[in-house]
Colleague: 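Take a look at this one; I'll ask things after.
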Amino acid sequence: MRIPIREVSPESGRAEVAGWVHEVRDLGGLAFFLIRDRTGILQVTVPKKKVSEAVLSGMKEVSRESLVRVSGIVKAIDKAPGGRELIPDCFEILSRSGSPLPLDVSEKVPAELDTRLDSRFLDARRPRVTAVFQIRSRVMRTVNEFLFSRGFINITSPKIVAAATEGGTELFPIAYFEKEAFLNQSPQLYKQMMMAAGFEKVFEVGPIFRAEEHNTTKHLNEATSIDIEVSFTDHHGVMSLLEELVVHTYRDVGEHCQGALEALGIDRLPTPKTPFPRLSYGEAIELAAGKTGESIQYGDDIGTAAEKAIGEHMGEHYFIVDWPTAIKPYYAMPYEQDPEISKAFDLMHPRMELSSGAQRVHDHDLLVQQIQSKGLNPENFEFYLEPFRYGMPPHAGWGLGAERLVMTMLSLGNIREAILFPRDRHRLTP
RNA sequence: GCCCAGGUGGUGUAGUGGCCUAUCAUGUCGGCCUGUCACGCCGACGACUCGGAUUCGAAUUCCGACCUGGGCGCCA
């Protein structure tokens with residue numbers, strides 16, 4: 001019976017493992033093989049005079065990164081990694097690896113991100129890369145569990161849509177039989193429509209597509225969005241929920257991914273302090289102006305330099321609230337007493353924006369008015385506007401970038417590290 | 001899209017006009033080695049992105065193309 005390498009211990013006596021040949025050190029009469037599976041690395045020690053012909057011929061033929069099945073006696077040895085080693089009586093090659101390898105899995109020689117992504121399957125054999133995606137998997141699981149436990153209904157909205165109705169970002173056009181269609185930039189309109197259906201709390205985790213020609217370490221053209229929408233609440237309600245979700249996720253990863261965190265050199269994952277500070281847009285640009293020396297006009301977007309300056313000052317997760325209505329989407333609810341300001345917010349990590357959300361406009365006529373004031377044509381929004389005529393509850397929601405959440409949590413230098421097969425301005429394969 | 005920096009064995013690099021038959025490491029192959037853990041030692045193999053120009057001579061300078069990294073912009 002094959003067991004995971006992590007579970008191999010001297011107490012088990014005999015063990016059988018299957019894994020890839022990570023490294024070979026042949027000292028002559030004695031050879032060491034490091035065998036790796038997704039749970040760890042085991043030293044297989046071969047005293048050549050004491051093992052069978054079959055073992056000798058197997059080890060002679062094997063190449064690095066070939067897949068082998070090895071079984072034998074486990075011995076406790078202080079000198080070996082993990083305090084144990086396996087002396088094989090069976091050493092079988094299950095699948096040979098070609099040579100040379102496209103990159104060095106053992107990481108003695110580094111490889112550039114581009115080289116790594118070209119051979120992502122091999123790159124992902126590297127323990128640190130495996131660790132990132134084990135943690136990402138845990139994050140996704142936790143997010144789902146958290147939202148289900150709060151009574152959310154999971155929905156799946158279409159990714160192929162008819163028109164670029166939201167404005168803002170560029171969309172990818174696709175051919176849809178005889179019509180033109182687009183890949184959806186966000187589930188925004190659909191999750192709002194489900195508020196009109198009375199679902200009350202919905203969430204969706206799925207891909208979003210943006211055809212921006214950006215070339216940065218924090219943008220992707222296909223990203224994963226964690227989206228929620230909640231009825232009978234306001235922006236404060238969903239901000240609290242977001243804060244709880246982030247903290248819960250950090251704590252959960254800290255508790256359940258110790259091995260993976262260790263592989264990444266993280267001894268202890270600090271849980272963000274709550275409540276996250278709420279900084280108004282006005283305070284934010286004032287702070288940025290003071291730090292950078294550049295004046296920011298009220299109503300300007302917060303650029304990279306400003307965002308960085310504010311992040312360095314805050315040093316932790318924080319919200320920017322009370323944005324000018326003019327620079328937020330039409331569906332963000334303006335304050336009743338001051339319609340120039342909207343009930344919109346961004347959740348910021350010191351390094352970048354993680355999420356943005358708002359209380360939404362639920363009044364049909366106000367929504368039409370806001371669409372017009374953005375220079376858009378309400379006629380193009382008919383399918384979206386219709387639910388607002390038949391009892392739309394007040395509601396609020398947000399969208400959270402899954403890659404950015406993982407990237408900032410693990411201090412990854414490039415968002416491409418947080419997604420298996422990134423799609424960026426230039427990369428369409430693998 | 002703009003700007004900057006790059007493109008040298010499988011991988012990561014050194015090399016700014018002749019000293020390049022191109023450095024080092026890793027890798028691969030062969031040899032030696034019974035406690036390695038970046039094993040060590042000896043030997044071998046393997047590369048200048050493409051096209052044009054300048055020059056007696058180009059990896060090195062210039063022009064163009066393609067590709068890559070980064071910064072900015074754009075981006076609910």
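Letters go in sequence order (proteins before strands), and every chain restarts at 1. Bear in mind the structure is a predicted one, so any value in this text is a computation, not a measurement.
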Colleague: Among U68(B), C75(B), G35(B), which nucleotide sits nearest the side chain of Glu112(A)?
Modeller: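 Nucleotide nearest to Glu112(A)'s side chain: U68(B).
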Colleague: Below 3.5 Å, does any donor atom in the side chain of Glu107(A) face an acceptor in the base of G12(B), or the other way round?
Modeller: no
Colleague: Work out how far the C1' atom of A44(B) is from that of C37(B), and round it to whole angstrom.
Modeller: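 Taking atom C1' in both A44(B) and C37(B), they lie 27 Å apart.
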Colleague: Mind checking if Asn414(A) touches a base, just sugar-phosphate, or nothing, with heavy atoms under 4.0 Å?
Modeller: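 Sugar-phosphate only.
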Colleague: Can you find a side chain N or O atom of Thr304(A) that sits less than 4.0 Å from OP1 or OP2 on G73(B)?
Modeller: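 Yes, because at least one side-chain N or O of Thr304(A) sits under 4.0 Å from OP1 or OP2 of G73(B).
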Colleague: Between Phe199(A) and Phe152(A) (judged by ring centroids, cut-off 6.0 Å), do the two rings come close enough to count as a pair?
Modeller: no
Colleague: Need one value for Ser106(A): base, sugar-phosphate or nothing, where a base atom within 4.0 Å counts as base even if backbone is also close, heavy atoms only.
Modeller: nothing
Colleague: Backbone N or O of Leu405(A) within a donor-acceptor pair of the Thr408(A) side chain at under 3.5 Å?
Modeller: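 Here the side-chain-to-backbone pair exists.
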Colleague: In Watson-Crick or G-U wobble terms, both distances under 3.5 Å, what is the partner of C62(B)?
Modeller: G52(B)
Colleague: Using whole Å, what does the distance between atom P of nucleotide G73(B) and atom NZ of Lys218(A) come to?
Modeller: 8 Å
Colleague: Check Lys218(A) with Glu307(A), please: is the shortest side-chain N to carboxylate O separation under 4.0 Å?
Modeller: yes
Colleague: Can the ring centres of Phe381(A) and Tyr330(A) be said to be less than 6.0 Å apart?
Modeller: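 Ring-ring flag for Phe381(A)/Tyr330(A): true, centres closer than 6.0 Å.
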Colleague: To the nearest angstrom, how far is Lys75(A) atom NZ from U34(B) atom P?
Modeller: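 That distance rounds to 18 Å.
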Colleague: Atom CZ of Phe33(A) and atom P of C37(B): how far apart are they, to the nearest Å?
Modeller: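 Checked: the CZ to P distance equals 16 Å.
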Colleague: Does Asp26(A) reach a base, just sugar-phosphate, or nothing at all? Heavy atoms under 4.0 Å.
Modeller: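 Base contact.
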Colleague: If you only use heavy atoms from C-beta on, which nucleotide in G10(B), U36(B), G12(B) is closest to the side chain of Pro100(A)?
Modeller: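 Nearest to the side chain of Pro100(A) among the choices is G10(B).
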Colleague: Within the 4.0 Å heavy-atom criterion, would you say Lys48(A) contacts the bases, only the backbone, or no part of the nucleic acid?
Modeller: nothing
Colleague: Nearest heavy atom decides the nucleotide; on that basis, is Val24(A) or Leu103(A) closer to the 5' end of RNA chain B?
Modeller: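 Of the two residues, Leu103(A) wins.
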Colleague: When the distance from NZ of Lys79(A) to C1' of G35(B) is rounded to whole Å, what number comes out?
Modeller: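 Computing the Lys79(A):NZ to G35(B):C1' distance gives 5 Å.
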Colleague: Need one value for Ala80(A): base, sugar-phosphate or nothing, where a base atom within 4.0 Å counts as base even if backbone is also close, heavy atoms only.
Modeller: base
Colleague: Hey, is the side chain of His214(A) pairing donor to acceptor with the base of C75(B) inside 3.5 Å?
Modeller: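 By the distance-only test, no, there is no pair.
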Colleague: Measure CE/Met59(A) against P/U34(B) and give the value in whole Å, please.
Modeller: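 That distance rounds to 13 Å.
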Colleague: Any base atoms under 4.0 Å from Leu113(A), or only sugar-phosphate, or nothing? Heavy atoms, all strands.
Modeller: nothing
Colleague: Taking atom types as they are modelled, would you say the side chain of Gln43(A) forms a donor-acceptor pair with the base of U36(B) within the 3.5 Å cutoff?
Modeller: yes
Colleague: Looking only at atom P, what distance separates U55(B) and G6(B), rounded to whole Å?
Modeller: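 26 Å, rounded to whole Å.
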Colleague: Please report the distance, rounded to the nearest Å, between CG in Leu30(A) and P in U36(B).
Modeller: 9 Å
Colleague: Using purine N1 to pyrimidine N3 plus N6-O4 or O6-N4 for Watson-Crick, or N1-O2 and O6-N3 for G-U wobble, both under 3.5 Å, which nucleotide pairs with A47(B)?
Modeller: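 Per the H-bond distance test, none.
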Colleague: Remember a base hit wins even if backbone is also touched, and classify Thr216(A) as base, sugar-phosphate or nothing at under 4.0 Å, heavy atoms.
Modeller: base
Colleague: Please confirm whether Phe345(A) and His235(A) have ring centers closer than 6.0 angstrom.
Modeller: no
Colleague: Mapping Gly29(A) and Ile302(A) to their closest nucleotides on RNA chain B, which lands nearer the 5' end?
Modeller: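 In this pair, the answer is Gly29(A).
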Colleague: So among Thr216(A), Asn215(A), Thr217(A), which one has a side-chain hydrogen bond (donor to acceptor under 3.5 Å, both in side chains) with His219(A)?
Modeller: Thr216(A)
Colleague: Heavy-atom contacts under 4.0 Å between residues 417-430 of chain A and RNA chain B, which residues?
Modeller: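 Contacts with RNA chain B under 4.0 Å: Arg425(A), His426(A).
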Colleague: C1' atom, G46(B) versus C29(B): distance in rounded Å?
Modeller: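 Those two atoms are separated by 11 Å.
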Colleague: Strictly by Watson-Crick or wobble contacts shorter than 3.5 Å, is anything paired with G73(B), and which nucleotide is it?
Modeller: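 No nucleotide pairs with G73(B).
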Colleague: Can you check whether Tyr281(A) and Tyr298(A) have ring centres sitting under 6.0 Å from each other?
Modeller: yes
Colleague: Kindly point out which of G70(B), G27(B), U36(B) is positioned nearest to the side chain of Arg64(A)?
Modeller: G27(B)
Colleague: Could you tell me how far G9(B) sits from G71(B) if I compare only their P atoms? Round to whole Å.
Modeller: 25 Å
Colleague: If C19(B) has a Watson-Crick or G-U wobble mate with both distances under 3.5 Å, name it; if not, just say none.
Modeller: none
Colleague: Using whole Å, what does the distance between atom P of nucleotide U11(B) and atom CD of Glu23(A) come to?
Modeller: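 It is 20 Å, rounded to the nearest whole Å.
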Colleague: Can you identify which nucleotide, out of U68(B), U28(B), G35(B), has its nearest atom closest to the Ser99(A) side chain?
Modeller: U28(B)
Colleague: Provide the full list of salt bridge (Lys or Arg N to Asp or Glu O under 4.0 Å) pairs with a residue in residues 350-375 of chain A, sequence neighbours left out, each pair given once.
Modeller: Glu229(A)-Arg360(A)
Colleague: Looking at every strand, decide which applies to Pro110(A) at a 4.0 Å heavy-atom threshold: base, sugar-phosphate, or nothing.
Modeller: sugar-phosphate
Colleague: Paired with C37(B) by Watson-Crick or G-U wobble geometry, both distances under 3.5 Å: which nucleotide is it?
Modeller: none
Colleague: Do the side-chain N or O atoms of Asn221(A) get closer than 4.0 angstrom to the phosphate oxygens (OP1, OP2) of C75(B)?
Modeller: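 For C75(B), neither OP1 nor OP2 has a side-chain N or O of Asn221(A) closer than 4.0 Å.
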Colleague: For the residue pair His349(A) and His317(A), categorise the inter-ring angle as parallel (less than 30°), tilted (30 to 60°) or perpendicular (more than 60°).
Modeller: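 His349(A) and His317(A): perpendicular rings.
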Colleague: Tell me what Asp301(A) touches on the nucleic acid: a base, only sugar-phosphate, or nothing, going by heavy atoms under 4.0 Å.
Modeller: nothing
Colleague: Run the salt-bridge test on Arg150(A) and Glu244(A) with the 4.0 Å N-O cut-off and return the result as yes or no.
Modeller: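 Salt bridge: yes.
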Colleague: Donor-acceptor pair, distance only, cut-off 3.5 Å: does the side chain of Ser157(A) make one with the backbone of Pro187(A)?
Modeller: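 Such a contact is absent between Ser157(A) side chain and Pro187(A) backbone.
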Colleague: Could you work out which one of G70(B), C75(B), A38(B) sits closest to the side chain of Glu212(A)?
Modeller: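 Of G70(B), C75(B), A38(B), C75(B) is nearest to the side chain of Glu212(A).
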Colleague: Quick one: Asp78(A) CG to C37(B) P, roughly how many Å, whole number?
Modeller: 16 Å
Colleague: Considering every strand shown, what is the Watson-Crick or G-U wobble mate of U11(B) when both distances are under 3.5 Å?
Modeller: A25(B)
Colleague: Distance between the C1' atoms of U28(B) and C63(B), in whole angstroms?
Modeller: 40 Å
